[in-house]
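Please read the structure below before turning to the comments.
First listed ligand is number 1; within each ligand, the first listed atom is number 1.
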Amino acid sequence: MENNIRGGNAPIACELEANKNYAWCTCGHSINQPFCNGNHKKEKASNPLIFSTEESKEAYLCTCKLTSNPPYCDGSHNK
Ligand code: FES
């Protein structure tokens, strides 16, 4: 989306709880990376991706927003 930016240049390790909904920032404007803080509204950028996991786990969540496997880092930040 036109108003989206990179939110960072490396993934952030996050402890995810099973069956809990998370809002992953897709626009890059959140100051609470990798999660949404509502900034997409004032920036007219893309909405967050709501996701959950079936098991509690640590995961590396993308901040650059270039991943092909959101919300997870796939190494695209190195491009
Ligand atoms: S931080 Fe976006 S692909 Fe790694």
Residues 3-11, side-chain donor-acceptor partners within the protein, below 3.5 Å, at least two apart:
from	atom 1	to	atom 2	distance (Å)
Asn3	ND2	Glu43	O	3.3
Asn3	ND2	Lys44	O	3.0
Asn4	OD1	Ser46	N	3.2
Asn4	OD1	Ser46	OG	3.3
Asn4	ND2	Ser46	OG	2.9
Arg6	NE	Asn9	OD1	3.1
Arg6	NH2	Asn9	OD1	3.3
Arg6	NH2	His77	O	3.1

All heavy atoms of Cys25 vs all of Gln33, minimum pair found to be SG-NE2, 3.4 Å
### Set of side chain to side chain donor-acceptor pair (under 3.5 Å) partners for Thr53, sequence neighbours left out
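Applying side chain to side chain donor-acceptor pair (under 3.5 Å) to Thr53 gives none.
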Same apolar cluster (I L V M F W Y, side chains within < 4.5 Å links), Leu16/Leu49: yes
Do Ser76 and Asp74 pair up side chain to side chain, a donor and an acceptor below 3.5 Å, judged on atom types alone? yes
Those residues with a heavy-atom separation under 4.0 Å from ligand 1 are Ala10, Pro11, Cys62, Thr63, Cys64, Thr67, Cys73, Asp74, Gly75, Ser76, His77
Under the ring-ring contact (aromatic ring centres under 6.0 Å, His included) rule, collect the residues that match up with Tyr72, sequence neighbours excluded.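 Partners of Tyr72 under the ring-ring contact (aromatic ring centres under 6.0 Å, His included) test: none.
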